[in-house]
Amino acid sequence: MSEQQQIRREKLEKLKEMGRNPFEVLKYDVTHHTDDIKDNFDEMDGKDVAIAGRIMSYRDMGKASFCDIQDRNGRLQVYIKMDEIGEEEYEIFKTYDIGDIVGIKGFVFRTRRGEISVHVKELKLLCKALQPLPEKWHGLKDPDLRYRQRYVDLIVNPDVRETFIKRTKIIAGIRRFLDDRGYLEVETPILSTIASGAAARPFQTHSNALDIDLYLRIATELYLKRLIVGGFEKVYDMGKNFRNEGIDIRHNPEFTMIELYEAYTDYHGMMELMENMIATVCKEVNGTTKVMYQGVEIDFAPPWNRITMMDAVKQYAGIDFKEVNTDEEAREIAVRLKLQDELKKKLKDCTKADILNAAFEAYAEKHLIQPTFLMDYPVEISPLTKRKNDDPTMTERFEAFVFGREVGNAYSELNDPIDQRERFDQQAKEKELGDDEAYEMDEDFMNSLEIGMPPTGGLGIGIDRVIMFLTDSYSIRDVILFPTMKPIDNK
RNA sequence: GACUCACUAGCUCAGUAGGUAGAGCACAUGACUUUUAAUCAUGGUGUCCGGAGUUCGACCCUCCGGUGAGUCACCA
């Protein structure tokens with residue numbers, strides 16, 4: 001234990017001996033927060049208040065001291081004078097440390113230097129901090145410590161607190177937007193015997209009661225569609241999904257996703273919904289639809305750009321896939337565009353769809369900086385999506401891109417049970433060929449489609465990524481309070 | 001998974017041809033009754049991420065391991 005920790009423990013012991021154990025305090029009646037006082041000083045001047053918060057710094061002037069007290073909304077200076085609280089109380093106060101939590105009763109005033117302050121008449125220690133806080137000027141910088149001890153990060157780095165308050169507002173804004181439009185928020189299972197609805201490896205667990213393996217959900221899609229079958233018409237589930245894959249600045253194993261489904265509309269309806277929703281929420285939390293993200297201005301005002309995947313590849317890679325008729329021709333183009341490293345399969349196994357997708361990712365994706373709906377994906381990589389009536393090799397699907405990153409994915413939902421079964425069968429073949437992320441067949445979902453699902457539009461949005469843009473956060477870890485970390489293997 | 005970088009006091013960081021370490025804040029003691037990164041004086045902080053090796057001697061060089069960050073790969 002460090003010297004500083006020992007000294008704090010000794011101070012606590014002395015307080016206990018005096019019958020002033022701060023941990024016996026049950027409650028404290030707070031009348032004001034620091035911003036109430038600072039924002040309304042003219043009314044508050046001279047009034048009595050009771051505030052509570054953490055001591056963040058102090059300036060000891062001998063028989064008088066100044067402290068900065070931090071509560072949920074900010075900091076306020078308090079002035080403590082020996083003449084006011086008495087010599088004995090003042091001596092006890094001098095044992096208080098940065099990090100301790102105190103309750104203060106006093107009156108509001110302005111110091112000679114103009115700082116709005118509280119003149120303390122009564123002071124009570126509500127919690128003794130046994131560990132010192134990081135340095136007052138530089139704060140806590142070490143990313144490892146910041147993520148592992150987010151509580152310290154939140155105390156000493158005000159912008160972190162701002163980001164997470166904004167996160168809460170964004171999520172509340174999304175709910176309000178959808179609720180106002182007649183959407184029903186529902187909860188679908190997190191534990192399930194089949195993890196389907198997306199291409200990802202699941203986390204596995206085990207039920208002792210049922211003695212079966214269960215998976216944590218990778219998507220909510222197949223359950224929400226069952227609810228459309230059940231007649232709810234507009235539903236959404238916003239919550240955690242879990243994918244057992246790589247961790248980087250855009251991926252955390254558990255992340256927040258919203259999926260929403262609306263009967264009797266299609267992917268065009270989903271485009272309008274998404275662009276209006278993000279613009280509305282952005283304006284609510286930032287006052288404008290424009291944000292600066294990592295130095296680049298992004299404007300979420302609708303309408304967003306709309307371009308098909310084929311047109312994007314034509315524009316940025318110079319290849320018109322409408323004129324590519326065979327897989328063989330596509331493979332020649334793959335060689336010409338130097339796509340071999342981008343392809344997941346061996347070139348000879350690649351279809352036109354694989355190569356179109358790879359060409360998009362290699363040449364076009366990085367150009368989609370302003371919000372853009374990339375429309376119409378090959379059927380092979382879209383197993384839950386309706387085909388386009390004028391081209392059955394393509395589907396009515398879009399992904400939304402911002403800053404070259406995917407933030408949303410939407411379909412005109414496939415409701416033809418016969419086609420859907422063929423798509424799952426195709427996925428099963430892919431799985432046999434070694435693609436362990438192929439979509440799992442879900443027989444009960446198939447049954448629901450046979451009961452009958454109306455034409456439906458569906459949309460999924462990576463909430464954490466949206467929050468990154470609206471808060472100018474570089475890493476997904478900066479918008480997740482407790483990102484997934486390896487434990488420290490000490491001793 | 002591969003590569004690069006980082007890890008030194010509670011925090012932010014210096015550091016050395018290889019000779020067991022420093023600063024600021026914080027802490028302790030004292031002075032100061034309107035200061036605000038308060039000031040002034042004095043003082044002590046330590047498994048230099050862990051382990052092994054090379055060496056008379058390792059914070060520093062080599063190897064193995066840990067954790068984190070970044071890039072790539074993977075990934076809607």
Side-chain angles (χ1 to χ4, degrees), chain A residues 1-8 10-11 56-68 75-85 90 94-95 97-99 109-117 119 129-149 152-153 155-157 197-201 218-219 221 241 243-253 255 257 259 341-342 344 357 361 365 374 377 381-382 384 397-401 405-411 436-437 439 460-462 465 474-475 477 483 485-491:
Chain A
M1 200 188 300
S2 76
E3 185 191 20
Q4 293 194 42
Q5 286 169 269
Q6 281 177 30
I7 290 167
R8 286 180 182 226
E10 286 162 15
K11 287 174 174 175
M56 296 305 291
S57 66
Y58 69 76
R59 294 169 289 286
D60 175 2
M61 313 286 301
K63 295 187 176 61
S65 300
F66 294 89
C67 289
D68 294 319
R75 289 188 189 185
L76 187 71
Q77 177 171 271
V78 301
Y79 175 57
I80 301 146
K81 197 161 72 156
M82 193 173 82
D83 292 350
E84 185 73 53
I85 63 170
Y90 193 76
K94 281 202 164 189
T95 70
D97 289 297
I98 289 173
F109 78 114
R110 198 191 279 272
T111 64
R112 242 178 248 166
R113 296 291 187 93
E115 175 115 1
I116 295 167
S117 308
H119 185 114
L130 296 180
Q131 301 222 26
L133 286 176
E135 205 229 340
K136 63 184 172 190
W137 197 241
H138 297 94
L140 184 65
K141 288 193 168 169
D142 183 345
D144 190 22
L145 278 176
R146 286 188 47 225
Y147 298 143
R148 287 183 197 279
Q149 300 187 31
V152 178
D153 192 28
I155 291 166
V156 300
N157 293 325
R201 270 175 284 247
I218 58 173
E221 174 146 5
N241 282 1
R243 297 186 182 177
N244 203 344
E245 288 170 1
I247 299 176
D248 62 31
I249 56 167
R250 272 157 275 174
H251 298 86
N252 195 61
F255 62 102
M257 172 114 123
E259 285 192 41
D341 293 343
E342 301 283 331
K344 289 155 201 163
N357 195 42
E361 285 175 8
E365 189 173 35
L374 185 80
Y377 283 66
I381 56 172
S382 309
L384 302 169
R397 170 184 181 187
F398 74 79
E399 289 191 348
F401 283 87
R405 297 179 188 171
E406 189 219 328
V407 294
N409 183 22
Y411 319 139
D436 53 4
E437 293 181 353
Y439 286 58
I461 300 175
R465 291 187 184 175
Y474 179 67
S475 168
R477 291 182 202 95
M485 305 287 281
K486 259 195 180 179
I488 301 172
D489 184 22
N490 48 0
K491 287 148 237 166

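In what follows, every chain begins at residue 1, and chains take the letters A, B, ... in the order their sequences are listed. These values consider heavy atoms only, across backbone and side chains, with no hydrogens, waters or symmetry-generated copies.
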To the nearest Å, give me how far apart CG (A:Asn357) and P (B:rC75) are.
11 Å
Separation of atom CG in A:Asn252 from atom C1' in B:rC75, rounded to whole Å
13 Å
Between A:Arg113 and A:Gln77, do the side chains contain an N or O donor and an N or O acceptor separated by less than 3.5 Å?
no
Check: A:Ser65/A:Tyr90 side-chain N/O donor and acceptor closer than 3.5 Å
yes
Which value, in whole Å, describes the distance between the P atoms of nucleotides B:rU29 and B:rU67?
41 Å
When the distance from OH of A:Tyr58 to P of B:rU34 is rounded to whole Å, what number comes out?
18 Å
Would you mind classifying the nucleic acid contact of A:Glu245 as base, sugar-phosphate or nothing, using non-hydrogen atoms under 4.0 angstrom?
sugar-phosphate
Under 4.0 Å, counting only non-hydrogen atoms across every strand here, what does A:Ala198 touch: a base, just sugar-phosphate, or nothing?
nothing
NZ/NE/NH1/NH2 to OD/OE distance under 4.0 Å, A:Arg148 and A:Asp144:
yes
To the nearest angstrom, how far is A:Asp68 atom CG from B:rU34 atom P?
17 Å
Among residues at least two apart in sequence or on other chains, which ones pass salt bridge (Lys or Arg N to Asp or Glu O under 4.0 Å) with A:Glu259?
none
Figure out the CD/P separation between A:Gln149 and B:rG68, and round it to whole Å.
14 Å
Would you classify A:Arg477 as touching base, sugar-phosphate or nothing, given that sugar-phosphate means primed atoms plus P, OP1 and OP2, and contacts are heavy atoms under 4.0 Å?
sugar-phosphate
Hits for side-chain hydrogen bond (donor to acceptor under 3.5 Å, both in side chains) against A:Tyr377, two or more places apart or cross-chain, chain-then-number order -> A:Glu399
From CD of A:Gln131 over to C1' of B:rC27, roughly how many Å is that when rounded to an integer?
14 Å
Looking for any heavy atom pair under 4.0 Å, which part of the strands does A:Glu437 touch: base, sugar-phosphate only, or nothing?
sugar-phosphate
Taking the side chain from A:Lys94 and the backbone from A:Gly62, do they hold a donor-acceptor pair closer than 3.5 Å?
yes
Classify the side chain of A:Arg59 versus the base of B:rU35 as yes if they form a donor-acceptor pair under 3.5 Å and no if they do not.
yes
Determine whether the side chains of A:Glu84 and A:His119 contain a donor N or O and an acceptor N or O closer than 3.5 Å.
yes
Would you give the length of the straight line joining atom CD1 of A:Ile98 to atom NZ of A:Lys136, rounded to the nearest 0.5 angstrom?
6.0 Å
Rounded off to whole Å, could you give me the CZ-to-P distance for the A:Arg113 and B:rU34 pair?
11 Å
Pick the P atom in B:rG50 and in B:rA23, then give their distance to the nearest Å.
22 Å
Would you say A:Asp248's side chain and A:His251's backbone share a donor-acceptor pair under 3.5 angstrom?
yes
Does A:Glu437 come within less than 4.0 Å of A:Arg201, counting only side-chain N to carboxylate O?
yes
Using atom CD of A:Gln77 as one end and atom C1' of B:rU35 as the other, report the distance to the nearest whole Å.
6 Å
NA contact type, A:Ile381, heavy-atom cut-off 4.0 Å: base, sugar-phosphate, or nothing?
base
Indicate, with a heavy-atom threshold strictly under 4.0 Å, whether A:Arg250 touches base, sugar-phosphate, or nothing.
nothing
Shorter than 3.5 Å, N or O on both sides, protein versus nucleotides 3-5 of chain B: list them out with atom names.
none

For A:Glu115 and A:Ser117, work out which heavy atoms get closest and say how close.
O-OG, 2.9 Å
Go nucleotide by nucleotide along RNA chain B from the 5' end; which of A:Thr95 and A:Ile249 gets its closest nucleotide reached first?
A:Thr95
Counting only N and O atoms by type, is there a donor-acceptor contact under 3.5 Å from the side chain of A:Lys11 to the main-chain atoms of A:Thr95?
yes
Given a 3.5 Å cut-off on both pairing distances, which stems involving RNA chain B, each at least three consecutive Watson-Crick or G-U pairs, are present, if any?
B:1-7 with B:66-72, B:10-13 with B:22-25, B:27-31 with B:39-43, B:49-53 with B:61-65
Smallest separation among heavy atoms of A:Tyr439 and A:Ala198, with atom names
CE2-N, 3.6 Å
Quick tally for nucleotides 7-12 of chain B: nucleotides whose base has a protein heavy atom under 4.0 Å get B, sugar-phosphate-only ones S, the rest -, giving ---BBS
Hey, is the main chain of A:Leu140 close enough, under 3.5 Å, to the side chain of A:Asn157 for a donor-acceptor pair?
yes
Looking only at atom C1', what distance separates B:rG51 and B:rG66, rounded to whole Å?
10 Å
Between B:rA6 and B:rA14, how far apart are the C1' atoms? Round to whole Å, please.
15 Å
Any protein N or O atoms within reach of nucleotides 29-33 of chain B? Criterion: under 3.5 Å, listing atom names and distances.
residue, atom, partner, partner atom, Å
B:rC32, N3, A:Asp60, O, 3.4
B:rC32, N3, A:Gly62, N, 3.3
B:rC32, N4, A:Asp60, OD1, 3.4
B:rC32, N4, A:Gly62, N, 3.3
B:rU33, N3, A:Asp83, OD2, 2.9
B:rU33, O4, A:Asp83, OD1, 2.3
B:rU33, O4, A:Asp83, OD2, 2.8

Heavy-atom nearest nucleotide on RNA chain B for A:Phe109 versus A:His251: which residue maps closer to 5'?
A:Phe109
So, does A:Gln6 use its side chain to make a donor-acceptor pair with the main chain of A:Glu3 at under 3.5 Å?
no
Is the shortest side-chain N/O distance from A:Lys136 to OP1 or OP2 of B:rA26 below 4.0 Å?
yes
Distance-only, no hydrogens or angles: does the A:Arg59 side chain make a donor-acceptor pair with backbone N or O of A:Cys67 under 3.5 Å?
no
